[in-house]
Amino acid sequence: MPDPDPWDQSDRLATSDRQAAEALIIDVDGFEGPLDLLLSLSRTQKVDLRKISVLQLAEQYLKFVSEAQELRIELAADYLVMAAWLAYLKSRLLLPPEPGEDGPSASDLAAHLAFQLERLAAMREAAARLMARDQLHRDIFPRGVPEDVTHRRDIRYDASLLDLMRAYARIRTRDDFRPFVMDRDHVYTMEQALERMRALIGYVGNWAELTSFLPEGWAVNPQRRRSATAAHFAAVLEMAKRGQVSIRQDGLFAPVQIRRIDP
Amino acid sequence: MTEGSATDPIERSLFEAPTPGEQERMVEAVLFASAEPVTLAELVARLPQGCDPAEALVTLRRRFEGRGVQLVKVGDAYAFRTAPDLGHLMRKETTEHRKLSRAAIETLAIVAYHQPVTRAEIEEIRGVAVSRGTVDQLMELDWIRFGRRRMTPGRPVTFVVTDHFLDHFGLETTRDLPGLKELRAAGLLDNRPLPGGFLPPDDDEAPTGQSELFED
Amino acid sequence: MTEGSATDPIERSLFEAPTPGEQERMVEAVLFASAEPVTLAELVARLPQGCDPAEALVTLRRRFEGRGVQLVKVGDAYAFRTAPDLGHLMRKETTEHRKLSRAAIETLAIVAYHQPVTRAEIEEIRGVAVSRGTVDQLMELDWIRFGRRRMTPGRPVTFVVTDHFLDHFGLETTRDLPGLKELRAAGLLDNRPLPGGFLPPDDDEAPTGQSELFED
C-alpha cells in the first residue's frame with residue numbers, strides 16, 4: 001500500500017472529526033445553552049476544570065459553531081453571542097496586552113469562564129446528590145392516617161401566598177385586558193336607542209330637544225352622555241328615514257330637535 | 001441510605017427470614033404509613049418471605065403498651081391509634097381546612113398590595129362590590145384590620161393587613177410581595193402581556209378603562 | 001379512660017406539670033397523629049402548661065432510634081417518618097411521581113445551595129434563561145417560594161426553599177444539604193460577577209455589541 005498522501009490523511013481526519021462534530025450537533029437540542037455545551041466540550045479535555053485550557057476550549061467551541069453553520073443548523077442567538085465572546089477572549093489571550101489597556105485582563109476573563117463551568121458542574125452534581133436522597137412518599141413515608149379523634153369541628157380558612165399572588169395577578173390582568181373588550185358599561189347602542197325612541201315618539205307632538213330624551217343616568221357622566229347622545233341621534237336619523245320623525249337644527253352645534261310625523 | 005444494594009432484602013429472603021427485631025420494625029413502619037388498618041394477610045404479603053407478622057404484632061403491641069400511641073385491633077386488621085386518655089390533645093387535628101373564597105382572597109390581595117385602602121378603592125379595583133361578609137371574614141381571621149381614616153370627604157376607613165397576616169404568609173413586610181412583572185416571570189400569570197405593557201403593581205390609579213377612547 | 005373528669009388536666013396543670021414520661025407520651029401522640037411536621041411552638045401550645053416538649057423530644061427521638069419509625073426534625077418542626085431502609089415495604093402507598101425536568105432539578109439545587117437567590121443569578125449559573133414553567137412547577141410542589149427582596153438596584157425578589165422541601169428530602173436544615181461545606185470551601189457558592197461586567201447571557205445590550213464584533 002502506498003503511503004497515504006497528505007490530502008487523504010487530512011480528509012480522513014476531517015471525516016472522523018466531522019463525525020464527532022455531527023454527533024454533537026445532532027444533539028444540539030440536548031444542550032441547555034452555551035455554558036452547557038462548553039461544559040460538555042471541556043469533558044473531552046479530561047482535566048480538572050480548574051486546569052482547563054480555556055484557549056483550547058474556545059477553539060473547540062468556535063469549531064463547533066462554525067461546523068453547525070456549515071451544516072446549516074440554526075443556532076440560537078445565545079450560542080452565537082458566546083461564540084463572539086470566545087473569539088474576543090481568544091484574541092485577547094493570544095495577543096500581548098496593550099500597554100495602558102483598561103478593564104479585566106484576558107486571564108481574568110478566562111479564569112472566570114473556568115469558574116462558571118466548574119460551578120455549573122458542581123451544581124449538576126449537587127442536584128444529582130439531592131435527587132438521590134431518600135424522598136418523602138417514595139422512600140420515606142408519613143403517617144398514613146392523621147387521626148380524627150374528637151368530633152369538634154373547627155373550620156379554618158386557609159390560603160397560601162401563591163393563592164394570594166395569583167388572585168392579585170388575576171385582578172390586575174383583567175384590567176390590562178379591558179381595552180380589548182368593548183366596555184358595555186358606558187356604551188349605549190343604537191338598537192337600544194331605537195327601541196327606546198319608538199316607545200317615546202308617540203308623546204312627541206311638538207318639537208323637542210333630542211338631549212331631553214336621554215335615559216336617566218346617561219345625561220351626567222360625560223362618557224355616557226356622549227355615547228347615549230350618539231346612539232339616540234343615530235336612532236332618530238333611522239326613524240327619519242322611515243318617515244317617522246322630522247329633525248331640525250337651528251344652526252351649527254345648536255340643539256337637535258325632533259317631532260313626530262303623524263301618519 | 002442504609003441499603004447497600006437493591007438486591008439485599010431479596011437475596012436475604014431467599015436464605016433466611018429477617019430477625020424478629022427486624023420484622024417488628026417492618027410491621028411498625030407498614031402500620032404507621034398505611035392509610036387503612038392492615039390485616040394479617042396483608043402483612044404477610046408485604047413482608048419478605050419467611051416472616052411471621054403475627055409474632056411481630058404481639059411484641060410490637062407490648063412495646064407500645066402505656067405509650068402515647070397504641071397498637072389496636074380493628075376488626076381483623078391492625079392499626080396505631082392515639083391512647084384514649086390523650087384524645088384531648090388531638091382536638092386540633094380535626095380542624096377543617098377550607099379554601100378562602102375567590103372574593104375573599106382577591107380582597108385580601110388588594111389590601112396587601114394597596115394598603116391602606118378603602119372599601120371603595122377595593123371595589124374599584126375588583127370591579128364588583130365587596131360584601132360585608134368578605135370583610136368580616138378577613139377581619140375574623142385577623143388578616144386585615146382597620147387602618148387610619150382617609151383624610152378625604154367622608155373620612156372613609158381604610159384597611160391594612162395585620163402582623164398575623166405577614167406571619168401566616170411568611171412575609172416580613174408587604175414590600176416583599178412580588179410585583180406583576182415578577183409574577184409573570186414566575187409563570188403565575190397565564191395571560192400574555194399586552195404590547196403596550198401592563199400596569200405596575202404599585203400604580204394606584206384606578207383602571208381608566210375606555211375613557212380615553214371617548215375623550216376629545 | 002384513666003381520667004375521671006374533663007377538668008382533670010386543667011386542674012392538674014394549675015398545680016404541677018405532667019411527669020416527663022407523661023409529656024413524652026403526649027408529644028408522641030401529637031406527632032403520630034399528624035402527617036405534617038409539628039413545630040415546637042405548636043407543641044408547647046397544645047401540651048398542658050408547664051410542659052417542656054423540647055426535652056420530651058430528645059428522649060422520644062432516642063427511644064425511636066433504630067425502630068421502623070423515626071422521629072425527624074424538619075426546620076423547627078418534628079415529625080415521625082418511616083425509616084428510609086424500609087421504603088420498599090411501603091411502595092404500594094406511593095403516589096405517582098411526577099418526573100422533574102433537568103432544568104427543574106438544577107434550578108431547585110441552585111435555589112437550595114445558593115439561597116436566597118435571584119432569577120438572574122440562577123440564569124447566570126445555568127447559562128440559560130429560566131423558563132416560567134420551571135419556577136411555577138417548583139412553586140406548585142411547594143419546594144421553593146419567594147424570599148425577601150434583594151437590596152440592590154431593582155430590588156429583585158429572591159427564591160428560597162421551603163420547609164416542605166426539607167421535609168421531602170429528609171433534611172433538618174439547609175445546612176445539611178449534601179456537600180454544602182465542600183462547595184462553599186471551594187468557593188463554588190460565591191456569586192462572582194464577570195470581571196469587567198461583560199456578561200454575555202443576560203446582558204441586554206449584548207446583541208448590538210455583538211454585531212459589531214461580527215462585522216470585524
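Below, chains carry the letters A, B, ... as their sequence lines are ordered, and counting in each starts from 1. Fair warning: this is a prediction, and the values are worked out from it, not measured in the lab.
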- Task: Quick one: closest heavy-atom pair of Ala29(B) and Thr82(C), and the distance?
- Result: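 The pair with the smallest heavy-atom distance is O-CG2, 3.8 Å.
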
- Note on the structure: All heavy atoms of Leu89(C) vs all of Val30(B), minimum pair found to be CB-CG2, 4.0 Å

Does atom [atom1] of [X] have more than 12 heavy-atom neighbours, drawn from other residues, nucleotides or ligands, at distances under 6.0 Å?
{"X": "Arg184(C)", "atom1": "CZ", "answer": "no"}
{"X": "Glu36(B)", "atom1": "CD", "answer": "no"}
{"X": "Glu55(C)", "atom1": "CD", "answer": "no"}

With rounding to the nearest 0.5 angstrom, report the [atom1] to [atom2] distance, [X] to [Y].
{"X": "Glu28(C)", "Y": "Gln70(B)", "atom1": "CD", "atom2": "CD", "answer": "9.5 Å"}
{"X": "Arg25(C)", "Y": "Arg67(B)", "atom1": "CZ", "atom2": "CZ", "answer": "8.0 Å"}
{"X": "Arg148(C)", "Y": "Asp176(B)", "atom1": "CZ", "atom2": "CG", "answer": "5.0 Å"}

- Message: Parallel, tilted or perpendicular: which one describes the rings of Phe64(B) and Phe32(C), with boundaries at 30° and 60°?
- Response: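 If you compare the ring of Phe64(B) with that of Phe32(C), the planes turn out perpendicular.
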
- Min side-chain heavy-atom separation Glu22(C)-Asp85(B) under 4.5 Å: yes

- Query: Judged by atom type as modelled, is there a donor-acceptor pair below 3.5 Å linking the side chain of Arg149(C) to the main-chain atoms of Leu177(B)?
  - Reply: yes

- Item | Options Val130(C), Val69(C), Val135(C), ranked by heavy-atom pairs under 4.5 Å with chain B, top entry |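 It is Val69(C).
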
- Task: Below 4.5 Å from any heavy atom of chain C, which atoms of Leu60(B) appear? Answer side chain, backbone, both or neither.
- Result: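 Leu60(B) touches chain C through side-chain heavy atoms alone.
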
- Contact origin within Arg81(C) toward chain B - heavy atom pairs under 4.5 Å: backbone

